[in-house]
2 protein chains.
Amino acid sequence: MTLESSVKISKALGESTRLKIIKLLSVRPMYVCELESVLKISQPRISQHLRIIKEAGLVKERKEAQRVFYMLQTDYLQSHLKKLINFLDEDLENLPEFEEENSRLQKLQCDSNVVNCKNIYENN
Amino acid sequence: MTLESSVKISKALGESTRLKIIKLLSVRPMYVCELESVLKISQPRISQHLRIIKEAGLVKERKEAQRVFYMLQTDYLQSHLKKLINFLDEDLENLPEFEEENSRLQKLQCDSNVVNCKNIYENN
DNA sequence: TGCTTATATAAGGATATTATTATATATATA
DNA sequence: TATATATATAATAATATCCTTATATAAGCA
């Protein structure tokens, strides 16, 4: 799980229309026009949100004649959420994307008693 | 878990600087100046992101002299993520915020064979 | 073939978000 | 008390997001 992909997925979940689309697709896969009819919002708006959800990897599509069938990748989403829970417990050393932050944090710990933030900052 | 609060938390997670702050605070609570020193980004930028994270309920603060100590509400965040996993499995009927969507979806199911999306839309 | 349906995409404006710079506030300290 | 430190907030500019309207594409259907 990269930071970037995690941000993308959280962004996909962090908008109410998209969260509704995702929940509806968890009930069953749907055509765009079905989402349109259930949500009562415009078709381009749905297509645009679906694109963001798709780019986050949360749905797969299947073209059926002129319709497009959208399927939520439930397992992928749920496993991502579980990874996010573990991410919070993970040692910083085990997260390559935090290499620099970790070394600065280590150094900061060594400067034992944090008396003065100004000094912390200047020394690091 | 309301939709709104869920969106707020996902939004808080859906930005790379904030996700980094949250991860760092999972290691241990920190002062703003420590975050500044570890992340090497400007103080106002950190304070502004902390405000968003705080408004999502993910951190608590404690003022200590002129410094402010930020503590991640790890249990709250993790329990939210677990609720989000369950949310995907939840029956639509049990989600008050999907009352209208659910009734439209029910009606749509009854119109048995989905031959024509145009008709679906006009009938609902 | 012409019309309808289903969806995607582009263009536009409105609003929101992010980052920077500047300033305010509060506390500590010399 | 004057100065330094720690943080928050305001103002601004740059960018991104979201929604609407309009258009393009592609597949049915009369």
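Proteins get letters first, then strands, A, B, ... in listed order; numbering begins at 1 in each. All heavy atoms count here, side chains included; hydrogens, waters and symmetry mates do not.
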Do any pairs count as a salt bridge (Lys or Arg N to Asp or Glu O under 4.0 Å) and have a residue in residues 77-103 of chain A, sequence neighbours left out, and if so which ones?
E100(A)-R104(A), E101(A)-K20(B)
E15(A) side-chain proximity, nearest of dC18(D), dT7(C), dA6(D):
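Minimum distance to the E15(A) side chain belongs to dC18(D).
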The nucleotide from dT7(C), dT20(C), dA22(D) with an atom nearest the side chain of P44(B) is dT20(C)
Can you say whether a donor on the side chain of Q43(A) sits under 3.5 Å from an acceptor on the base of dA6(C), or the other way round?
no
Who pairs with E61(A) by side-chain contact (heavy atoms from CB on, under 4.5 Å), at least two apart in sequence or on another chain?
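Testing E61(A) for side-chain contact (heavy atoms from CB on, under 4.5 Å), a comparison that skips the adjacent residues, returns K54(A), V68(A), Y70(A).
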Which residues satisfy the side-chain contact (heavy atoms from CB on, under 4.5 Å) test with R51(A), sequence neighbours excluded?
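In terms of side-chain contact (heavy atoms from CB on, under 4.5 Å), with neighbours along the sequence ignored, R51(A) is linked to Q48(A), E55(A).
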Sequence neighbours excluded, which residues qualify as side-chain hydrogen bond (donor to acceptor under 3.5 Å, both in side chains) partners of Q43(B)?
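side-chain hydrogen bond (donor to acceptor under 3.5 Å, both in side chains) list for Q43(B), sorted by chain: S47(B).
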Identify, with sequence neighbours excluded, every residue that meets side-chain hydrogen bond (donor to acceptor under 3.5 Å, both in side chains) alongside K60(B).
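With sequence neighbours excluded, K60(B) shows a side-chain hydrogen bond (donor to acceptor under 3.5 Å, both in side chains) to no residue whatsoever.
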Is there a residue in residues 47-66 of chain A whose heavy atoms reach under 4.0 Å of DNA chain D, and which residues are they?
Q48(A), H49(A), I52(A), A65(A), Q66(A)
If we only count heavy atoms from C-beta on, is the V32(A) to F69(A) side-chain gap below 4.5 Å?
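They are not in contact (no side-chain heavy atoms under 4.5 Å apart), so the answer is no.
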Please write out the pairs of protein N or O atoms and N or O atoms of nucleotides 12-15 of chain D separated by less than 3.5 Å, giving the distance to one decimal.
none

So, is [X] near the phosphate of [N], with a side-chain N or O under 4.0 Å from OP1 or OP2?
{"X": "Y70(B)", "N": "dA6(D)", "result": "no"}
{"X": "R18(B)", "N": "dT18(C)", "result": "yes"}
{"X": "Y31(B)", "N": "dA8(D)", "result": "no"}

Tell me yes or no: between the side chains of E64(A) and Y31(A), is some donor less than 3.5 Å from an acceptor?
yes
Output the rounded distance in Å from [atom1] ([X]) to [atom2] ([N]).
{"X": "I41(B)", "N": "dT7(D)", "atom1": "CD1", "atom2": "C1'", "result": "15 Å"}
{"X": "F69(A)", "N": "dA27(D)", "atom1": "CZ", "atom2": "P", "result": "19 Å"}
{"X": "E36(B)", "N": "dA8(D)", "atom1": "CD", "atom2": "P", "result": "11 Å"}
{"X": "I21(B)", "N": "dT7(D)", "atom1": "CD1", "atom2": "P", "result": "13 Å"}
{"X": "I46(A)", "N": "dT7(C)", "atom1": "CD1", "atom2": "P", "result": "9 Å"}
{"X": "L35(A)", "N": "dA6(C)", "atom1": "CG", "atom2": "C1'", "result": "13 Å"}

Please table the atom pairs, donor to acceptor, closer than 3.5 Å between any side-chain atom in residues 71-80 of chain B and protein atoms at least two apart or in another chain.
| from | atom 1 | to | atom 2 | distance (Å) |
| --- | --- | --- | --- | --- |
| Q78(B) | NE2 | I85(A) | O | 3.2 |
| S79(B) | OG | Y76(B) | O | 3.3 |

Only Watson-Crick and G-U wobble pairs with both distances less than 3.5 Å should count. Give DNA chain C in dot-bracket notation, marking inter-strand partners with |.
|||||||||||.||||||||||||||||||
Indicate the atoms forming the closest heavy-atom contact of T17(B) with E15(B), along with that distance.
N-OE1, 3.0 Å
Taking all non-hydrogen atoms of both residues, which atom of R18(A) and which atom of I52(A) are closest, and how far apart?
NH1-CD1, 3.4 Å
Contacts under 3.5 angstrom, residues 1-12 of chain B side chains, donor-acceptor by atom type, not counting sequence neighbours:
| from | atom 1 | to | atom 2 | distance (Å) |
| --- | --- | --- | --- | --- |
| T2(B) | OG1 | S5(B) | N | 3.0 |
| T2(B) | OG1 | S5(B) | OG | 3.3 |
| S5(B) | OG | T2(B) | O | 3.1 |
| S10(B) | OG | S6(B) | O | 3.2 |

On DNA chain C, compare the nucleotides closest to R45(A) and K11(A); which residue's is nearer the 5' end?
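Its nearest nucleotide being more 5', the pick is R45(A).
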Given K40(A), R67(A), R28(A), the one that forms salt bridge (charged side-chain N to carboxylate O under 4.0 Å, His left out) with E34(A):
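For E34(A), the salt bridge (charged side-chain N to carboxylate O under 4.0 Å, His left out) test succeeds with only one of K40(A), R67(A), R28(A), which is R28(A).
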